[in-house]
Amino acid sequence: MKFHKKHEDIFVNIITPPDDVEATSEKPAGNAGKDPFCVYAGMRHAVGSVIKNEDGSETVCTEDGSWQNT
């Protein structure tokens, strides 16, 4: 597992399980020290990140730091 710094940059990502992560922008969406984020597979993802599930459903990172089905 990668060791994360508390104040690392976070990005809005599109995640395809099991472990394919694609950033939607080269610019950070925020900083893990001050902005909300969600954790998936040991990585921090900015609010708005999407997990595209195998069944076609999507799960989105929300402001409260949880993943919600859409």
Side-chain angles (χ1 to χ4, degrees):
M1 184 166 119
K2 180 180 175 185
F3 292 98
H4 296 285
K5 296 177 185 172
K6 184 174 182 177
H7 300 288
E8 72 180 357
D9 291 333
I10 52 177
F11 297 86
V12 175
N13 299 311
I14 297 173
I15 305 159
T16 308
D19 58 3
D20 184 33
V21 177
E22 178 182 331
T24 59
S25 172
E26 291 184 18
K27 293 183 179 181
N31 184 284
K34 61 181 177 147
D35 297 310
F37 61 88
C38 298
V39 177
Y40 178 82
M43 294 176 58
R44 295 177 176 129
H45 304 279
V47 171
S49 293
V50 177
I51 299 172
K52 294 187 175 187
N53 300 303
E54 291 179 5
D55 64 1
S57 65
E58 294 185 349
T59 307
V60 178
C61 177
T62 62
E63 289 282 335
D64 67 358
S66 66
W67 293 101
Q68 300 291 323
N69 293 327
T70 57

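- Put simply, the side chain of D55 gets close to the backbone of S57: a donor and an acceptor are under 3.5 Å apart.
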Verify side-chain contact (heavy atoms from CB on, under 4.5 Å) between T59 and N53, making sure each step is shown before the conclusion. CA-CA 8 Å; T59 307; N53 300 303; 3.2 Å; yes
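- The two residues S66 and C38 have their closest heavy-atom pair at O-SG, 3.5 Å.
- Between the CH2 atom of W67 and the CD1 atom of I51 there is a distance of 4.0 Å, given to the nearest 0.5 Å.
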Derivation of the side-chain contact (heavy atoms from CB on, under 4.5 Å) call for N31 and I10: CA-CA 6 Å; N31 184 284; I10 52 177; 5.8 Å; no
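- The CD1 atom of I15 sits 8.5 Å away from atom SG of C61, with the distance rounded to the nearest 0.5 Å.
- Interatomic distance, H45 NE2 to N13 CG, rounded to the nearest 0.5 Å: 5.5 Å.
- Distance OG1/T16 to CD/E54: 9.5 Å, rounded to 0.5 Å.
- Closest heavy-atom contact between V60 and V50: CG2-CG2, 4.2 Å.
- Separation of atoms CZ (F11) and OG (S25) is listed at 7.5 Å; rounding is to 0.5 Å.
- Taken to the nearest 0.5 Å, the CG atom of N69 stands 10.5 Å off from the CD atom of E58.
- Cluster annotation: M43 and Y40 are assigned to the same hydrophobic cluster (Ile/Leu/Val/Met/Phe/Trp/Tyr, side-chain heavy-atom contacts under 4.5 Å, transitive).
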